[in-house]
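Below, all heavy atoms of this structure are taken into account, side chains as well, without hydrogens, waters or symmetry copies. Sequence positions, counted from 1, serve as the residue numbers for this chain. First listed ligand is number 1; within each ligand, the first listed atom is number 1.
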Amino acid sequence: MATRHHHSCTLCEATCGITVTVEGDRVTDIRGDRDDPFSRGYICPKATALADVHHDPDRLRTPLVRHGDEWLEVSWPAAFELVAGGLRQVRERHGKHALAVYQGNPTAHNPGLILYGQPFFRALGTRNLFSATSVDQLPHMLAALQLFGHQLLMPVPDLDRTDLFVCLGGNPAVSNGSIMTAPNVRARLRRVRRVVVVDPRRTETADLADEHLFIRPGTDALLLWSLVSVLFEEHLVCTGRLTPHLVGVDLLAEVARGFPPERTAPVTGVAAERVRALARELAQTERAVVYGRVGACTQEFGGLTAWLIVVVNALTGHLDEPGGSMFTTPAIDAVPLATVSGNRGSFGSYRSRVRGLPEFGGELPVAALAEEIETPGTGQIRALITSAGNPVLSTPNGARLERALDGLDFMVSIDPYLNETTRHADVILPPTTHLERAHYELALANYSVRNVAKYTPPVFERGPGQRHDWEIILELATRVLGGGAAARLLGGFGPEPLLELGLRAGPFGLRKLHRGLSLGRLRREPHGIDLGPLRRRLPGRLATRRKKINLAPRVYLDDVPRLRRLLDRPPREDLVLIGRRQLRGNNSWMHNYERLVKGRDRCTLLVNPADARERGLADGDLATVSSAAGTIEVPVEVTDAIMPGVVSLPHGWGHRRPGVLLRVATRHAGVSANDVTDEHHLDALTGTAALSGVPVRVASR
Ligand SMILES: Nc1nc2c(c(=O)[nH]1)N[C@H]1C(S)=C(S)[C@@H](COP(=O)(O)OP(=O)(O)OC[C@H]3O[C@@H](n4cnc5c(=O)[nH]c(N)nc54)[C@H](O)[C@@H]3O)O[C@H]1N2
Ligand SMILES: Nc1nc2c(c(=O)[nH]1)N[C@H]1C(S)=C(S)[C@@H](COP(=O)(O)OP(=O)(O)OC[C@H]3O[C@@H](n4cnc5c(=O)[nH]c(N)nc54)[C@H](O)[C@@H]3O)O[C@H]1N2
Ligand code: SF4
Ligand SMILES: [Mo]
């Protein structure tokens, strides 16, 4: 007999509602939940692959322990014993900083990992915490900390009510939106009166847009300064309601004078007249917003770029205004919860041992991970925990990291796959996956274009031989920190009681509002609840002293001279590499499902026709791509959708490594872009990897 279950797709940030049909122990159908008030039946091709994740014969269901080149299945108690012993031994011999942790992207989609993993890893007391943040949104978080006083206070575009959406370094038509939770973002974008995309590639989003401007990678901060300079020069600055709360506006005016559009255009490639027109348009459109995402962050000036995006929104009167850049009102509000647990955010409170890269939010930039493992001395990393991450494919110079991993004394991976990273572990602890656990959108509801709340129970109850991520963490904490400490830190009852507390303490928890939002209420409304459009939240939501926003913090002003030098940098002879995401993929880990990888090879290098001609390359040819970090070979796709001087390669491929158990993915292996990205190519301010704008040489093979 078939049963139907309402759930959420937890693969990307869009959080689409799904309806899953199950017969016996098989998923027979997954479709969009038309009664989900937020996603209204929309799904992308990845949602149906949740069935493949669930049934994948390659997915691990029992802990694995390495014996030389062999893997043995062992019981959970035996695996835990080994892991606790391995971690404790390294800590006793070499001190707490000898333990390192890398947390990957699926953490954000997994309430159990957020609520249990974060506190446990922090309680280990090591400085060597790493995560995907430093190859992703770190610059946005730093801007939130500097300007609004809390690293989680990132504003989101009020997409459904804006009339002008300027998109810098994001491709929501494919990524389905990021730090902008918006199911069916394509339909939402189509309803916006005017969309302008600024991107070195004419992307799928650009195809939906009214205007596309090519920009040289890594030069967005120059463009943004020029917008600011025009705003001041033409007296277009209008800070509106927030004026009494803003500090530093005069300083901005002064610095901006050094960046008129005529001066930056030759470097950015965006014509001065277009910049002037865009500044006027932003100032004169009542509901407008500038939005930036990964391409704006993971580049040489990511820190300045993320800051200046907020500055432009503030100076044009679009911060905290409908249709502009707004703050959410999430049912479980992460901001006070993180503040209570002492995690408002921090920057530069210590530095990495080898290269002196700055700490952010209690973590170090992952670009430093390999050298911290390889370099002897006090504080050298000897043991590593990876949790929901695949840094060998997702961090710069993954090939070097891969070699470094073999030098560890001990490594454990909490991951459902034996993949490019986990194959280096001594023990792999496989958690349940997406359909086997309950879900509440703890992280991403904080960045949603409407306020929504939804709780879904698991589609499948986990088997007796399986463990949820949070159960794995709880057991590790008990064995490594001791039972008392683990119980105080984590409690032993799983995410639900914590969700209930969060809902009750949250802005809708009071009985008079939405009849008192509780877990019980959410259980009775399995499609989710709409809590309305974004509302003005400032100054109340500010976590800064005296509720002021300093628009010109010193950390950023001190980085401006570095940007100024970019104006005089001689033009490169090399090409520069940027990345791209693909609809039927999810970073490194969804290439093992036939329905997502079938068809032509997608791991190709996009080359502009002029650059191809110069190098004697034709469509379909194999090219070598070399950088300071390494060399790869990849088929070429010649297209004028990429600007001259730039080439594009998707990341997350490169599965043909010995010993991985990904039978489908290894047949569609591709190459890893991060075998040529460079761990020394960074945003010097924040330590965020500059995965975009990497100088490369491309030649016909
Ligand atoms: N060149 C280049 N590199 C990039 C990027 C780029 O644009 N270009 N983008 C960067 C960005 S934005 C990100 S976020 C990172 C992502 O980097 P990572 O987070 O390191 O990589 P993912 O590919 O997301 O790997 C997810 C891992 O988690 C496992 N997993 C999946 N679900 C679960 C779960 O529920 N529990 C547990 N325990 N494990 C699970 C998968 O098997 C996989 O091993 O990559 C970054 N790297
Ligand atoms: N289908 C799919 N969806 C995903 C993911 C996935 O792997 N697949 N990953 C998820 C994750 S972890 C994240 S973080 C989000 C990311 O979400 P997005 O940021 O929307 O995704 P990207 O496609 O990486 O978009 C980055 C864009 O920046 C451009 N770019 C590169 N360098 C520069 C530059 O210097 N300046 C400017 N202006 N543009 C530049 C690139 O050409 C690209 O179009 O997507 C999420 N959603
Ligand atoms: S856009 Fe696709 S992958 Fe993202 S939540 Fe929706 S269905 Fe899942
Ligand atoms: Mo990401």
Side-chain angles (χ1 to χ4, degrees), residues 8-18 30-32 39 42-50 53 59-60 102-110 112-113 117 130-138 169 171-172 174-179 181-186 293-295 297-298 366 386-396 398 413-422 428-434 436-437 441 444 468-470 472-473 577-581 583-592 648-653 662 672-677 689-692 694:
S8 299
C9 177
T10 47
L11 293 172
C12 88
E13 298 178 42
T15 73
C16 303
I18 53 174
I30 295 183
R31 56 187 62 198
S39 62
Y42 174 82
I43 50 168
C44 86
K46 282 189 296 301
T48 42
L50 281 169
V53 177
R59 175 158 74 88
L60 306 178
Y102 174 82
Q103 295 185 79
N105 170 274
T107 309
H109 309 271
N110 185 328
L113 267 182
F130 302 86
S131 79
T133 294
S134 52
V135 282
D136 191 347
Q137 80 288 0
L138 195 161
N171 186 14
V174 165
S175 70
N176 288 303
S178 180
I179 318 190
T181 288
N184 203 355
V185 71
R186 278 172 178 265
R293 229 3 231 117
V294 163
C297 289
T298 53
V366 70
T386 68
S387 169
N390 191 1
V392 165
L393 293 193
S394 56
T395 66
S413 294
I414 306 172
D415 201 291
Y417 282 101
L418 174 44
N419 65 18
E420 301 75 13
T421 295
T422 64
I428 305 176
L429 302 172
T432 53
T433 52
H434 306 242
E436 294 162 326
R437 57 182 187 235
E441 204 48 71
L444 302 172
H468 294 306
D469 280 286
W470 70 265
I472 294 172
I473 300 280
L577 176 70
I578 63 168
R580 70 180 186 276
R581 284 180 156 70
L583 192 57
R584 287 182 292 137
N586 199 14
N587 296 322
S588 76
W589 79 275
M590 289 202 69
H591 296 141
N592 207 42
S648 156
L649 189 65
H651 75 284
W653 298 90
L662 296 165
S672 176
N674 287 320
D675 286 347
V676 282
T677 58
L691 301 166
S692 201
V694 182

Shortest protein heavy-atom distance from [atom], along with the residue and atom involved:
atom: atom 10 (C) of ligand 1; value: Val135 O, 3.3 Å
atom: atom 6 (C) of ligand 1; value: His651 ND1, 3.3 Å
atom: atom 19 (O) of ligand 1; value: Asn105 N, 2.5 Å
atom: atom 33 (C) of ligand 1; value: Pro106 CB, 3.9 Å
atom: atom 40 (C) of ligand 1; value: Pro416 CD, 3.5 Å
atom: atom 38 (N) of ligand 1; value: Asp469 OD1, 2.8 Å
atom: atom 29 (C) of ligand 1; value: Asp415 OD2, 3.1 Å

### Query
Any nitrogen or oxygen of Thr677, main chain or side chain, under 3.5 Å from a nitrogen or oxygen of ligand 1?
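In fact, backbone or side chain, Thr677 has no N or O that close.
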### Query
Do any N/O atoms on Asn390 end up under 3.5 angstrom from N/O atoms on ligand 1?
yes
Would you tell me whether [X] and [Y] have side-chain atoms, one donor and one acceptor, within less than 3.5 Å of each other?
X: Arg293; Y: Ser178; answer: yes
X: Asn110; Y: Thr107; answer: no
X: Asn390; Y: Thr421; answer: yes
X: Ser175; Y: Arg581; answer: no

### Query
Which protein N, O or S atoms does atom 6 (Fe) of ligand 3 have within a distance shorter than 2.8 Å?
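Cys16 SG, with waters left out.
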When rounded to the nearest 0.5 angstrom, what distance separates [atom1] in [X] from [atom2] in [Y]?
X: Cys297; Y: Asp136; atom1: SG; atom2: CG; value: 7.0 Å
X: Thr422; Y: Leu60; atom1: OG1; atom2: CG; value: 7.0 Å
X: Ser692; Y: Ile578; atom1: OG; atom2: CD1; value: 5.5 Å
X: His434; Y: Thr10; atom1: NE2; atom2: OG1; value: 5.0 Å

### Message
Using 30° and 60° as the class boundaries, would you call the ring planes of Trp653 and His591 parallel, tilted or perpendicular?
### Response
parallel
Take every heavy atom of [X], measure it against each atom of ligand 1, and state whether any distance is under 4.0 Å.
X: Ser394; value: yes
X: Asn674; value: yes
X: Gly652; value: no
X: Arg437; value: yes
X: His434; value: yes
X: Arg581; value: yes
X: Ser387; value: no

### Task
Tell me, with the steps shown, if Thr133 and Ser131 meet side chain to side chain donor-acceptor pair (under 3.5 Å).
CA-CA 5 Å; Thr133 294; Ser131 79; 3.1 Å; yes
### Message
Does only the side chain of Leu393 get under 4.0 Å from ligand 1, or the backbone, or both, or neither? Count heavy atoms.
### Response
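For Leu393, no heavy atom sits under 4.0 Å from ligand 1.
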### Query
ligand 1 versus Thr421, non-hydrogen atoms closer than 4.0 Å: side chain, backbone, both, neither?
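The answer is neither.
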### Task
Could you pull out, from Ala689, Ala388, Pro396, the option with a heavy atom nearest to atom 27 (C) of ligand 1?
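Nearest heavy atom to atom 27 (C) of ligand 1 lies in Ala388.
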### Query
Are the side chains of Pro45 and Arg584 in touch, meaning some heavy atoms are under 4.5 Å apart?
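Yes, their side chains come closer than 4.5 Å.
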Show the atoms of ligand 1 that are less than 4.0 angstrom away from any heavy atom in [X].
X: Pro431; answer: 36 (N), 37 (C), 38 (N)
X: Gly104; answer: 19 (O)
X: Ile414; answer: 37 (C), 38 (N), 39 (N)
X: Asn587; answer: 14 (S), 16 (C), 22 (P), 23 (O), 24 (O)
X: Tyr417; answer: 42 (O)
X: Asp136; answer: 12 (S), 14 (S)
X: Ser588; answer: 22 (P), 23 (O), 25 (O)

Are the side chain of [X] and the backbone of [Y] linked by a donor-acceptor contact shorter than 3.5 Å?
X: Glu13; Y: Ile179; answer: yes
X: Arg580; Y: Ser648; answer: yes
X: Asn586; Y: Trp589; answer: no

### Message
Just to verify, which of Thr677, Asn674, Asn587 counts as forming a side-chain hydrogen bond (donor to acceptor under 3.5 Å, both in side chains) with His651?
### Response
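Answer after filtering Thr677, Asn674, Asn587: Asn587.
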Heavy-atom closest contact ([X] atom, [Y] atom, distance):
X: Leu429; Y: Ile472; answer: CD1-CG2, 3.8 Å
X: Ala673; Y: Pro650; answer: CB-O, 3.6 Å
X: Pro106; Y: Ala388; answer: CD-O, 3.1 Å

#### Entry: Partners meeting side chain to side chain donor-acceptor pair (under 3.5 Å) with Thr15 (sequence neighbours left out)
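Partners of Thr15 by the side chain to side chain donor-acceptor pair (under 3.5 Å) criterion come out as none, since no residue qualifies.
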